[in-house]
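Hydrogens, waters and symmetry mates are skipped; everything else that's a heavy atom, side chains included, is used. Chain A is the first sequence line, chain B the second, and so forth, proteins listed ahead of strands; every chain is numbered from 1.
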Amino acid sequence: MVNQQLNSANPRVDIEYRRKKSAEEMRYQIVSFSMMLFLTLIAFATVGLKGFDHWFAVPFILLLAVVQVIFQLFYFMHMNKKGHEAPSLFLFTGVLAAFLIVWTFSTIIWW
Amino acid sequence: MSTNTQRKGFGSTLWGFLTTVDHKKIAILYLIAGGFFFLVGGIEAMFIRIQLSEPNNHFVSAAEYNQIMTMHGTTMIFLAAMPLVFAFMNAVMPLQIGARDVAFPFLNALGFWLFLFGGLFLNCSWFLGGAPDAGWTNYASLAMNSKGHGVDFYVLGLQITGIGTLIGGINFLVTIINMRAPGMTYMRMPLFTWTTFVTSGMILFAFPPLTVGLVFMMFDRLFGAKFYEVAFGGNTVIWEHLFWVFGHPEVYILILPAFGIFSEVFAMFSRKRLFGYSSMVFATVLIGFLGFMVWAHHMFTTGLGPVANSIFAIATMAIGVPTGIKIFNWLFTMWGGSVKFTTPMHYAVAFIPSFVAGGVTGIMLASAAADYQYHDTYFVVAHFHYVIVGGVVFALLAGTHLYWPKMFGTMLNEVLGKITFWFFLIGFHLTFFVQHLLGLWGMPRRVFTYLPGQGLDTANFVSTIGAFLMATGVTIMLVNIVMTTVKNEKVSHDPWGDGRTLEWSISSPPPFYNFKQLPLVRGLDAYWLEKMEGKDGMIPAEPIGDIHMPNSSFIPFMISLGLFIAAFGAMYHAEHSNWAFPLMFIGLLITFGSMFLRSVKDDHGFHIHKEELMNDNKGVEV
């Protein structure tokens, strides 16, 4: 696992390799964090700037939100790492069930 | 723990149960509480049948009938079937996967006490101005106009019970994912564990919609919100959707563990490996998945439109496919097996035709066009009693006989068990078969009486006779339980002689730490494999070592008690604000204070030391 401790007493732990891994990890975190800030700015701009009507702005912001959630889950909550199969299974099942329910509600109650 | 071997007085036994976090004791608590509510719901059912035994009867008034009918449904589903299913899950599932307890023993106790206090709260309504009277579905158009506090009891009581169920479901999920013994892969899990797993997943997704619906209704009725007030732009159909988004998965939450128990029974008493194990697992998962796509078939006549009706009709019929797979697998398990007709096997064999009858009427009801004819008639009542009694209750009775020795260390009497079975089976078909006909002849559901000379008299009378036969069966079972408990003849670890799974490899009842050494699982039906090689015990997967155990705690009881008190405060705040608000505050203070205490007090549990285990000859015998 990547989050294994660096100050392990085990002499066989390759400190250089771990450092490199951590640096790589940090880079991903920073990149995804700045992307998220950037996406938030775009979302605000879509509303703030003149010239975008609702039919474009609402789905577009929802799309940005989905991307944000993916960044959050995969980079910040480490779902891109091994050992997260069961949580992701349940998460995606839940997302699917919730989507179906909202979809049904919006088509047959509120349409 | 030397104290565990000492003889205990009544007080310390009671205190032991009030503070227990042991899954086996919690299972007994669920069994007692669920059994109690089963009897309460059963008495309500008898009142319904007595009232309907003849036309123009005045055994109860119309208002009382509505309350009895509502409470019969609510009690049987939420307070009897669910906890009884949870009793067997708690008693058996950790043993089947070779675990020493569930993942969160404290939460397990909390789940039980929340359920019990929610159930007690709901039943307090009988003594405090009338029970809920809007049907167990509590449709908002009716419930919003229900006078008195009945519906408030329903809303608050189910909210508390629902938290308990959700906690229990999450706990079982984590247990099955993380605590399987070495070698126990997913595809080696016994089918009851598999159904527990899928059921818990369904609880995780099904209970939140109910919670949302109940919160809306609580705010509407108690705090002046307008979610379901049409005059203010609310929508009562939202409640129907939210309720059935929960309610339909709920019936699969009940039936899947029943399938699990029967799968164990068929394999055990046919002395054969379960036919088509992997297709059984697949069918279980598929039923769980499809269970979320069909809720609107309860609402075909609400006016959803032909497209929605067709989609939900087809999705509903699709569930017949995995269920059919299961039925054939059970039949093929018996085929060529050396079948032993024990009491559980009686229930299992009777379950197949009874449940298939319920399934067939289910397909009839699923045809949206035909449903306009069946809707709100006794045909529907007959259908769901055929699947719930013929499926779930048969399984609970079978499970009671099957697992009684594992839970209490003594066998229920087989002769009395079979007498119970015959009374119950005949009574069940007598009660509910004629209700199909009553429905087709035009008798509507939920009516408190009917007029003479409409051709409904005889069938209703027959139905009432059947109900008395079922009640006789249950009474004989109670006698059986009392007799067995008084005699208390201890039995060995594998009293049926045909145990296949890990729970039968350890003593009955198991020691409080379950397994002295975690067992090594070498395949499906792990214990059967070892027996076939001439060993009477599992190969240990670890040396004997210290076992870490959780401490007992009274905090779960207090957290639940606080919510129970707070619910009374919330309910009476409008007309008695002088004492109701303080009461609500005190209740919430007890709940959150107990939670705070739990958070700040470090409780690391205790260890059973190796030396004590060495002298203890229970658990895994090598």
Side-chain angles (χ1 to χ4, degrees), chain A residues 1-5 7-10 12-13 21 25 53-55 57-59 61-111, chain B residues 103 169-170 173-180 186 197-198 200-210 212-213 227-228 233-246 248-249 285 288-297 299-300 302-312 315:
Chain A
M1 292 291 283
V2 182
N3 52 5
Q4 200 175 321
Q5 289 188 338
N7 56 357
S8 158
N10 184 351
R12 285 183 302 167
V13 170
K21 267 287 187 204
E25 184 78 357
D53 72 359
H54 293 310
W55 288 105
V58 173
I61 291 175
L62 284 177
L63 183 74
L64 293 183
V66 170
V67 177
Q68 295 255 25
V69 168
I70 291 171
F71 272 131
Q72 172 74 26
L73 289 175
F74 280 84
Y75 288 97
F76 287 99
M77 297 174 79
H78 301 287
M79 257 176 64
N80 53 348
K81 300 283 161 11
K82 269 188 191 157
H84 290 76
E85 291 81 8
S88 39
L89 174 71
F90 279 94
L91 215 138
F92 289 122
T93 316
V95 167
L96 179 68
F99 169 74
L100 278 172
I101 292 165
V102 172
W103 189 30
T104 314
F105 274 37
S106 47
T107 46
I108 66 181
I109 310 179
W110 298 316
W111 196 269
Chain B
I170 294 171
L173 278 178
V174 180
T175 306
I176 294 174
I177 291 174
N178 288 333
M179 295 180 66
R180 284 166 289 128
Y186 280 108
F197 185 60
V198 175
S200 306
M202 296 184 77
I203 289 174
L204 179 65
F205 297 126
F207 272 74
L210 176 71
V212 172
F227 292 105
Y228 304 127
N235 190 340
T236 55
V237 179
I238 303 267
W239 165 269
E240 295 185 27
H241 277 288
L242 286 172
F243 184 84
W244 286 118
V245 166
F246 148 78
H248 199 82
V285 176
F289 185 72
L290 287 175
F292 280 92
M293 322 264 155
V294 299
W295 78 86
H297 66 211
M299 302 163 61
F300 280 151
T302 313
L304 307 175
V307 176
N309 274 6
S310 313
I311 292 171
F312 281 103

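Of the candidates B:Thr302, B:Asn235, B:Leu304, A:Ile109 forms a side-chain contact (heavy atoms from CB on, under 4.5 Å) with just one, namely B:Asn235.
Across all non-hydrogen atoms, the minimal contact from A:Thr104 to B:Phe312 is CG2-CZ, 3.7 Å. Between A:Phe90 and B:Ile177, the closest heavy-atom pair is CE1-CD1, 3.9 Å.
For residues 91-99 of chain A, heavy-atom neighbours of chain B at less than 4.5 Å comprise A:Thr93, A:Gly94, A:Leu96, sorted by residue number.
B:Ile311 does not touch chain A: none of its heavy atoms, backbone or side chain, sits under 4.5 Å away.
With sequence neighbours excluded, the residues that form a ring pair (Phe, Tyr, Trp, His ring centres under 6.0 Å) with B:His248 are B:Tyr252, B:His297, B:His298.
Within the 4.5 Å cutoff, the side chain of B:His241 has no heavy atoms near those of the A:Ile101 side chain.
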